[in-house]
There are 2 protein chains.
Amino acid sequence: MPSSPDPAAGLAFLLSQVGAHSSARFAERLEPLGFKPAHAGILRVVRDADGLSQQALGEALGVFPSRLVGLIDEIEGKGLIERRNSPADRRAYALYLTAAGRDALQAVGETSREHQASICAAMSDEERAQLADMLRRIVAEQGLAAGVHPGFGRMGGEPM
Amino acid sequence: MPSSPDPAAGLAFLLSQVGAHSSARFAERLEPLGFKPAHAGILRVVRDADGLSQQALGEALGVFPSRLVGLIDEIEGKGLIERRNSPADRRAYALYLTAAGRDALQAVGETSREHQASICAAMSDEERAQLADMLRRIVAEQGLAAGVHPGFGRMGGEPM
DNA sequence: AAAAACCGTTATTAGATGTAACGATCCACC
DNA sequence: GGTGGATCGTTACATCTAATAACGGTTTTT
């Protein structure tokens, strides 16, 4: 094995490594606010699609409905989200962001910007734009849903 | 909220998203070989540092020694790794790759290359080099150990 | 009107992760 | 040279998470 002249050596690993780091740091920054990453995702989707059902939310986020129950309980307990009875379907809830929920989402957005600034400290503005463009192309080419995080369920531990 | 003219919008999220995707796909590719990502990492480190102890391995990989026990049991059960008694310390093992282990590691390397080719399909060779360069700079700037995966322990679910 | 499909919830199962404790051994120090 | 503390691999445990299946209540279909 020569001295690995391939300038893209380990690229897939680097993506995994940096991605996991970004996720972990983001979760750390969210913790003092009393949030987990999943909470932030829920708030964002509910803001963009007011009045949707838990089932629709689960589908949009790739989360099992049974998992949403507890997650929404936590958010609702903070008064950030409302479970109103759906006028069209008495089985379903219609989820709405409260005013406090909008504030919280804004705080999350601020945290998110700080996080990104920290993660990207090693790159110029131009490079950040290039990087974002490439990543967006990967998302599209790989068939990932824009804005939907694969989630990290069971996936083993360290890589090669 | 304007139409988000920031070309780097959501960059940190994109990194998390693509990274998680890369990890998940890599794990999928490894599964038919009977490996988990952690196994691949162990094989690689043991090859590069023949004769090290489990404790040293754990430190190099950021894995708790108690977790290594089962992991190494699995690899040893396939005859890919040997636990020899350390000549210098009767408490410790000295880990060695067997010939079969070297073959397995090469198979993992091949799988890794296929994986990377798939993930990077949307980018030119030049872009891949640029991307790798930027990611390596992030790794350095963020104080990550080169080649050490943060691991995905508990980290919640979906992001914002 | 009856059967099938659907919503949110709960219970259960299964898996993984970090902490703590154990016997055996090594090392430092008196 | 012996004693106490630290270290190595292991086991046991407590915690936590996530997916599956089943439930009551409701809607839709036929």
Side-chain angles (χ1 to χ4, degrees), chain A residues 20 23-24 27-28 30-31 35-39 41-42 45-46 49 51-77 81-96 149-159, chain B residues 20 23-24 27 31 35-39 41-42 45-46 49 51-77 81-96 149-159:
Chain A
S23 298
E28 281 177 21
L30 241 33
E31 202 176 2
F35 289 124
K36 292 186 286 189
H39 295 147
I42 291 173
V45 172
V46 172
L52 47 49
S53 66
Q54 294 187 192
Q55 167 117 344
L57 212 191
E59 188 127 359
L61 253 45
V63 176
F64 285 82
S66 61
R67 199 186 155 201
L68 273 181
V69 177
L71 253 17
I72 297 181
D73 281 350
E74 294 165 355
I75 303 179
E76 189 185 31
I81 236 178
E82 254 184 297
R83 279 201 252 229
R84 301 188 197 161
N85 294 326
S86 168
D89 190 335
R90 248 186 301 182
R91 299 170 293 183
Y93 287 125
L95 302 174
Y96 286 92
H149 198 290
F152 292 82
R154 121 306 330 276
M155 76 171 19
E158 289 62 30
Chain B
S23 298
E31 203 177 0
F35 288 124
K36 291 187 285 188
H39 294 147
I42 292 174
V45 172
V46 171
L52 45 49
S53 66
Q54 295 187 190
Q55 168 118 345
L57 212 188
E59 188 127 359
L61 253 43
V63 175
F64 285 82
S66 60
R67 201 185 152 201
L68 272 182
V69 176
L71 252 18
I72 296 182
D73 281 350
E74 294 165 354
I75 303 178
E76 190 185 31
I81 235 178
E82 254 184 298
R83 280 199 253 229
R84 302 189 196 159
N85 294 327
S86 169
D89 189 336
R90 249 185 302 178
R91 300 170 294 181
Y93 288 125
L95 302 175
Y96 287 92
H149 198 288
F152 292 81
R154 120 309 327 281
M155 76 172 18
E158 290 62 31

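Each chain gets a letter, A, B and so on, in the order its sequence line appears, and its residues count up from 1.
The nearest pair of heavy atoms linking B/Leu71 to B/His39 is CD1-NE2, 3.8 Å. For the residue pair A/Leu61 and A/Gly41, the shortest heavy atom distance occurs at CD2-C, 4.1 Å. For the pair B/Ala94 and B/Gly51, the tightest heavy-atom approach, listed with the atom from each and the gap, is CB-O, 3.6 Å. Closest non-hydrogen pair, A/Val69 versus A/Arg83, comes out as O-NH2, 4.1 Å. When all heavy atoms of B/Leu52 and B/Ala56 are compared, the pair lying nearest together is CB-CB, 4.2 Å.
Nucleic acid contact class of A/Ser53 (heavy atoms, under 4.0 Å, all strands): sugar-phosphate only.
When the C1' atom of D/dC8 is taken as reference, atom CZ of B/Arg83 falls 12 Å away, rounded to whole Å. Here the P atom of nucleotide D/dT10 and the CG atom of B/Asn85 are 11 Å apart, to the nearest Å. Taking atom CG on B/Asp73 and atom P on D/dG9, their separation rounds to 13 Å, with Å as the unit. Atom CD1 of A/Ile75 and atom P of C/dG8 are 15 Å apart (whole Å). Atoms CG (A/Leu71) and C1' (C/dT10) sit 16 Å apart, rounded to a whole Å. For the pair B/Tyr93 OH and C/dT25 C1', the interatomic distance rounds to 13 Å; values are reported in whole Å. C/dT9 atom P lies 9 Å from atom CD of A/Glu76, rounded to whole Å. Here the P atom of nucleotide D/dG9 and the CZ atom of B/Arg84 are 16 Å apart, to the nearest Å.
Between the base of D/dT20 and the side chain of A/Ser66 there is a donor-acceptor pair shorter than 3.5 Å.
Here the side chains of B/Ile72 and B/Leu57 are in contact, with some heavy-atom distance below 4.5 Å.
For the pair B/Gln54 and D/dC8, the criterion of a side-chain N or O lying under 4.0 Å from OP1 or OP2 is not met.
Of the candidates D/dT10, D/dA21, D/dA18, D/dT10 carries the atom nearest the B/Pro65 side chain, counting heavy atoms from C-beta on.
Taking for each of A/Val69 and B/Phe64 the nucleotide of DNA chain C with the nearest heavy atom, the 5'-most of the two is the partner of A/Val69.
Geometrically, B/Arg84 does not engage B/Tyr93 in a cation-pi contact, judged by NZ or CZ lying under 6.0 Å from the ring centre and within 45° of the ring axis.
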ask   = In B/S/- notation, 5' to 3', how is nucleotides 23-30 of chain D contacted by protein heavy atoms closer than 4.0 Å?
value = --BBS---
